[in-house]
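Excluded from the calculations below are hydrogen atoms, water molecules and symmetry mates; all remaining heavy atoms, backbone and side chain alike, are included. All values derive from a computational prediction rather than experimental measurement.
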Amino acid sequence: MSEKNKKVMIGIDLGGTGIKIGVLNPEYEILAQTAIPTRADRPFAQVIADMGQAAVQLLEENGYQAGDCLGIGVGSPGTIDSTNGVVLYSNNIRWDNVPLAAELGKYLSVPIYVNNDANCAALGETVKGAAAGCRNAVFLTLGTGVGGGVVINGSIFEGGHSGGAELGHIRIASKGRRCTCGRDDCLEAYASATALIEDAKNMAQRFPNSILWKLCEHDLEQMNAKMPFDAAQAGDTCGQALVEQYIQYLADGITDLANIFRPDIIVLGGGICAQGEKLTAPLNRYLKEKCFGASVSYVPEVVTAQNGNDAGIIGAASLVGTAIGIEANRKEILFLEPVCTENIWGGDRLKREFHYPSAGERTGECWGISAHPNGDGKIKNGTYAGMHLSEVWKAHPQLFGSDGTGEFPLLAKIIDAREDLSIQVHPDDNYAKEHENGAYGKTECWYILDCEKPASLIIGHHAKTKEQLAQMIEEDKWSELLREVPVEKGDFIPIEPGTVHAIKGGCLIFETQQNSDVTYRLYDYGRLSNGKPRELHLGKSMDVIQVPAKETDQCIVSAGALPKNQMHQLLDCAYFTIFKIEIKGEAELEQAYPFLAVSVLEGSGWIDDQPIKKGDHFILPSSYGTFCLKGDMMLMASTKC
């Protein structure tokens with residue numbers, strides 16, 4: 001074992017002219033790389049010897065030993081027997097039945113995995129790339145031909161035998177266009193870069209005034225796959241026709257693949273993908289219109305690959321990672337940057353105790369986990385750093401066990417009330433959708449983190465009928481109407497729609513709610529904001545208030561003294577499930593939910609190998625599995641099943 005005491009993997013991208021070799025960590029970051037010529041005209045043993053010796057040298061030059069290497073992955077062109085590590089046939093390097101894994105094992109005695117290079121690229125995009133976090137993906141590479149790979153449940157799908165998943169050779173037309181495989185009308189014959197170039201040459205010959213001639217400098221042999229897109233962008237009708245036709249061919253093929261596999265995402269690689277949204281936008285429109293069951297079922301998004309020139313190395317290394325159980329993005333915790341709001345009733349505890357940089361002297365709320373437009377948190381770390389939670393929810397629904405429809409369902413916040421909040425009530429979903437432009441209603445719950453003694457909240461009212469309620473409001477009999485109940489630290493209070501409620505000054509509360517910001521203000525003590533009374537919503541409040549109110553004993557649960565090192569369910573309703581977790585020492589727990597939104601509310605410690613502290617907010621994605629909490633801390637976690 002080296003002094004670095006860090007495990008690494010080797011990824012090898014075997015090509016017809018060159019071999020790229022990289023050393024990667026378990027997070028699929030390339031730590032070092034090199035390249036050597038293939039010189040494929042030599043005996044295969046010499047090619048593999050160069051490959052093995054270069055890999056050993058790269059390890060040693062960077063301070064690693066063979067014992068640090070978890071394994072080697074090799075992506076090779078051709079038909080591969082991945083079970084035995086044999087290249088059955090590769091036209092690019094002119095190999096037949098070459099025992100690649102066995103030969104390479106002479107130089108490094110570690111596990112060696114071999115697969116088709118397009119399959120590797122597909123897998124690589126799921127562990128670190130455009131399909132990061134996705135368990136099911138289809139990858140198409142648009143180059144000289146059309147290659148591809150399919151990932152199902154995090155593993156390469158090859159069919160029952162070698163040579164399966166040749167995506168470029170599905171039939172999409174009946175025009176008699178010959179494919180390189182010997183059949184007619186394969187996707188490759190229409191949607192490869194080679195096919196687009198050939199179509200562009202034919203178009204230019206038919207229309208000598210086309211700008212295509214200028215772009216290729218009047219030499220059709222200089223035509224490339226970018227030129228039709230450039231011509232279309234310049235307004236050339238020939239270029240526009242070529243691009244439209246090309247996208248139609250590609251869309252037909254992709255729709256077939258979506259209907260067969262229904263993946264989480266479809267990733268396009270190859271030089272044509274430099275066109276970005278010029279390519280993907282019309283493809284996505286077509287899928288939403290033509291994909292089977294599009295109106296009622298999930299339609300995968302088409303995106304472009306992200307690994308670029310490193311795709312071969314990352315993809316090859318991912319053979320090692322998936323074989324030994326490294327699933328970097330599935331195990332990636334999403335830490336969020338909270339959004340703080342200033343309120344006339346707010347205090348300074350969010351600044352003083354939680355140390356939020358954006359908090360001030362009158363900060364009333366910290367929206368710790370939120371995808372609401374009024375406070376959309378950003379991911380702070382890892383693959384999705386800088387993206388808003390709403391963006392990740394839409395682009396990578398698999399992380400949340402979602403089908404990609406709807407909105408992120410929860411909002412978790414910390415409330416610091418220096419003064420009394422207004423008397424409020426929330427509508428249910430049906431009322432909100434009708435009266436608030438389709439918004440959701442609001443079910444919420446409170447956990448008392450701290451409070452002055454004695455402390456109380458407004459929960460419910462004393463009116464027995466709607467008529468009595470209206471009369472007491474009209475006569476300003478608020479002290480008689482409102483039900484004030486004593487509370488203490490550790491109390492848990494569900495607040496259903498229609499419940500009159502208010503947080504009173506001196507309370508620090510953790511709130512979990514539906515992803516909604518619809519609140520009706522019933523009474524505000526006559527306070528002024530910017531010199532004017534704040535708006536009241538008496539009519540809508542009267543519409544939604546429950547009469548009579550629930551009894552107090554149905555509203556408050558004591559949750560302060562629960563056994564430690566367990567997940568205790570405090571509430572399971574139609575909109576969310578919430579747990580309290582108090583850690584003293586160490587506990588191994590299971591994330592078996594679509595996602596788990598977690599806030600650290602007291603103390604500090606660790607989750608797996610990452611430090612966490614009071615005020616941190618994070619999400620454990622779907623299928624995260626077992627996680628370990630260590631330290632002295634209290635956390636609240638929520639999910640939507």
Testing the 3.5 Å rule here: is there a donor-acceptor pair between the side chains of [X] and [Y]?
| X | Y | result |
| --- | --- | --- |
| Tyr624 | Asp608 | yes |
| Asn307 | Asp310 | no |
| Tyr286 | Asp252 | yes |

How about [atom1] on [X], more than 12 heavy atoms from neighbouring residues, nucleotides or ligands closer than 6.0 Å, or not?
| X | atom1 | value |
| --- | --- | --- |
| Gln53 | CD | yes |
| Lys380 | NZ | yes |
| Lys378 | NZ | no |
| Arg39 | CZ | no |

> Is there a side-chain hydrogen bond (donor to acceptor under 3.5 Å, both in side chains) between Asn259 and Asp256 once you walk through the steps?
Replying inline: CA-CA 5 Å; Asn259 288 338; Asp256 286 347; 4.9 Å; no
> Asn136 and Val150: side chain to side chain contact (heavy atoms under 4.5 Å, CB included), yes or no, with the steps?
Replying inline: CA-CA 8 Å; Asn136 303 284; Val150 179; over 6 Å; no
Side-chain donor/acceptor of [X] to backbone N/O of [Y], under 3.5 Å:
| X | Y | answer |
| --- | --- | --- |
| Ser155 | Ile152 | no |
| Ser90 | Trp95 | no |
| Ser604 | Lys613 | no |
| Thr194 | Thr144 | yes |
| Asn62 | Leu58 | yes |
| Arg183 | His169 | yes |
| Asp376 | Ser390 | yes |
| Ser76 | Leu14 | no |
| Ser192 | Ala195 | yes |
| Asn116 | Thr79 | no |

Atom [atom1] of [X] and atom [atom2] of [Y]: how far apart are they, to the nearest 0.5 Å?
| X | Y | atom1 | atom2 | answer |
| --- | --- | --- | --- | --- |
| Met9 | Cys69 | CE | SG | 9.0 Å |
| Leu140 | Leu268 | CG | CG | 6.0 Å |
| Ile578 | Met567 | CD1 | CE | 10.5 Å |
| Asp68 | Lys7 | CG | NZ | 6.0 Å |
| Asp13 | Gln33 | CG | CD | 10.5 Å |
| Leu589 | Gln566 | CG | CD | 9.0 Å |

> Passes salt bridge (Lys or Arg N to Asp or Glu O under 4.0 Å), Arg42 versus Asp50? Steps please.
Replying inline: CA-CA 11 Å; Arg42 301 176 292 160; Asp50 285 354; 2.8 Å; yes
>> Given Ile72, which partner from the list Val114, Leu319, Leu104 fulfils the side-chain contact (heavy atoms from CB on, under 4.5 Å) test?
In response: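 The option that passes is Leu104.
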> Can you check side-chain hydrogen bond (donor to acceptor under 3.5 Å, both in side chains) on Glu158 and Ser82, steps first, answer last?
Replying inline: CA-CA 9 Å; Glu158 299 179 88; Ser82 58; 2.8 Å; yes
Any non-hydrogen side-chain atom of [X] less than 4.5 Å from a side-chain atom of [Y]?
| X | Y | value |
| --- | --- | --- |
| Leu389 | Leu336 | yes |
| Ile379 | Val392 | yes |
| Arg171 | Cys186 | no |
| Leu88 | Asp96 | no |
| Glu188 | Thr180 | yes |
| Tyr89 | Val87 | no |
| Ile12 | Met51 | yes |
| Ile313 | Ile21 | no |

For [X] and [Y], take the angle between the two ring planes, folded into 0 to 90°, and tell me which bin it lands in: parallel under 30, tilted 30 to 60, perpendicular over 60.
| X | Y | value |
| --- | --- | --- |
| Phe157 | Phe261 | perpendicular |
| Phe400 | Trp393 | tilted |
| Tyr246 | Phe229 | perpendicular |

Search all heavy atoms of [X] against all heavy atoms of [Y] and return the closest pair with its distance.
| X | Y | value |
| --- | --- | --- |
| Met633 | Trp606 | CE-O, 3.7 Å |
| Ile272 | Ala225 | CG1-CB, 3.8 Å |
| Pro409 | Phe595 | CG-CZ, 4.0 Å |
| Gly253 | Leu187 | CA-CD1, 4.0 Å |
| Cys291 | Thr255 | CA-CG2, 4.0 Å |
| Ile369 | Ala597 | CD1-CB, 3.6 Å |

> Given the side-chain rings of Tyr384 and His396, with only the six-membered ring counted for Trp, is the space between their centroids under 6.0 Å?
Replying inline: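 Ring centres of His396 and Tyr384 closer than 6.0 Å.
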>> Is there a side chain to side chain contact (heavy atoms under 4.5 Å, CB included) between Gln591 and Thr639? Walk through the geometry before answering.
In response: CA-CA 10 Å; Gln591 200 309 67; Thr639 189; 5.9 Å; no
> Any Lys/Arg nitrogen of Glu391 or Lys394 sitting under 4.0 Å from an Asp/Glu carboxylate oxygen of the other?
Replying inline: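 Salt bridge absent between Glu391 and Lys394.
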>> Does Ile619 form a side chain to side chain contact (heavy atoms under 4.5 Å, CB included) with Ile333? I'd like the steps, not just the answer.
In response: CA-CA 6 Å; Ile619 296 174; Ile333 300 173; over 6 Å; no
> Which is it for Glu582 and Lys580 under the salt bridge (Lys or Arg N to Asp or Glu O under 4.0 Å) test, yes or no, and what are the steps along the way?
Replying inline: CA-CA 7 Å; Glu582 194 163 358; Lys580 180 184 178 185; 3.8 Å; yes
>> If you apply the rule side chain to side chain contact (heavy atoms under 4.5 Å, CB included), what do you find for Val98 with Val86, and how did you get there?
In response: CA-CA 5 Å; Val98 171; Val86 175; 5.7 Å; no
